[in-house]
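Data first, discussion second: the structure below is written as structure tokens.
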4 protein chains.
Amino acid sequence: MGEVTERAENAVRQLVGEQLAPGDRLPSERTLVDDLGVSRTTVRLVLLKLSAEGLVRAEHGRGYFVSERPG
Amino acid sequence: MGEVTERAENAVRQLVGEQLAPGDRLPSERTLVDDLGVSRTTVRLVLLKLSAEGLVRAEHGRGYFVSERPG
Amino acid sequence: MGEVTERAENAVRQLVGEQLAPGDRLPSERTLVDDLGVSRTTVRLVLLKLSAEGLVRAEHGRGYFVSERPG
Amino acid sequence: MGEVTERAENAVRQLVGEQLAPGDRLPSERTLVDDLGVSRTTVRLVLLKLSAEGLVRAEHGRGYFVSERPG
DNA sequence: GTGGTCTAGACCACT
DNA sequence: GTGGTCTAGACCACA
């Protein structure tokens, strides 16, 4: 995993862990693209990783949400 | 066609083929939204497809009805 | 215009004149149906009248909004 | 088909017929949203119709292209 | 109170 | 950064 992706991942992890509560919706993919200054591919790579960890959960057409049971 | 739409399509096909008779009225779009747990857009996509096939026919202000000649 | 429609009209007029500001969105047609306890036909009749007066303006798919220049 | 969609359809037809040549790429759906002032749903409805007619062809991840054989 | 049209914006699959 | 799928919910036309 490259340097850019790693920085994006840490930014999203921090957002989820420190600024959001379980059940909260994350910023949209396109908002994260703008805010983090990375490509949509990179954003999705990060979100897919966090989804696999169970930290967040995607709902088609609605958004990403912070999981109730992290892990 | 996506996974969600496909499941909804199968549910409506089964309803039309097994529980309703020619001339019967289908549940309203909004009822199907509740019963199938999908958006109205997805419900309409399915009903439009079945209409194009001639399985059902829409009547503005009245509802959807099972066709007399399926096919 | 019947008694029921008149009561509904007065309720919406009061809402627009006293509780909302120019540019604000009105409650949706279906919300007004529930809140006023009248049919959709009655609600639309009232909103059409207020639109004709220039008090409110409809935007398809978005809602009704209080006009900037009432009248 | 509604009034808004019809206007959008005519605009795209004119673009395809008068300003683009076979093989040319159309503006992206999101660009058309901005240019035509309608929602992406409406844009897609128009493009789906023109695709069904064979006037244009969609390529996933690449864009819409003017067909070689219009019709 | 139904089907028809339209808005706004999300995630997904792909290049 | 495109097209593809899906959500949510608004007003419109009709019965």
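Below, chain A is the first sequence line, B the second, and so on; all start at residue 1.
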So which heavy atom on [X] is nearest to which on [Y], and how close?
X	Y	result
A:Val56	A:Leu47	CG2-O, 4.1 Å
C:Ser67	C:Pro22	O-CB, 3.5 Å
D:Pro27	D:Leu32	O-CD1, 3.9 Å

Using 0.5 Å steps for rounding, measure from the [atom1] atom of [X] to the [atom2] atom of [Y].
X	Y	atom1	atom2	value
A:Leu15	A:Asn10	CG	CG	12.5 Å
D:Glu6	D:Arg13	CD	CZ	10.0 Å
C:Gln19	C:Gln14	CD	CD	6.5 Å
A:Thr42	A:Glu9	OG1	CD	11.5 Å
D:Arg57	D:Arg62	CZ	CZ	8.0 Å
D:Arg44	D:Thr41	CZ	OG1	8.5 Å

In whole angstroms, how far is the [atom2] atom of [N] from the [atom1] atom of [X]?
X	N	atom1	atom2	value
D:Leu36	E:dT5	CG	P	19 Å
B:Leu45	E:dT5	CG	C1'	15 Å
D:Arg57	F:dG4	CZ	P	12 Å
A:Asp34	E:dG9	CG	C1'	14 Å

Over all strands shown, is A:Val33 touching base, sugar-phosphate only, or nothing at heavy-atom distances under 4.0 angstrom?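 If one applies the 4.0 Å heavy-atom cut-off, A:Val33 turns out to touch nothing in the nucleic acid.
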Dot-bracket for DNA chain E, 5' to 3', with Watson-Crick and G-U pairs under 3.5 Å, [ ] for crossing pairs and | for other-strand pairs: what is it? ||||||||||||||.
Which residues, if any, of residues 6-15 of chain B bring a heavy atom under 4.0 Å of DNA chain E?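 Residues of residues 6-15 of chain B under 4.0 Å from DNA chain E: none.
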Are B:Leu26 and B:Val12 side-chain neighbours, meaning at least one heavy-atom pair lies under 4.5 Å? yes
salt_bridge(A:Glu3, A:Arg7) N-O dist < 4.0 Å: yes
Go along nucleotides 10-15 of chain F 5' to 3' and tag each nucleotide: B for a protein heavy atom under 4.0 Å from its base, S when only backbone or sugar atoms are that close, - otherwise. BBBBBB
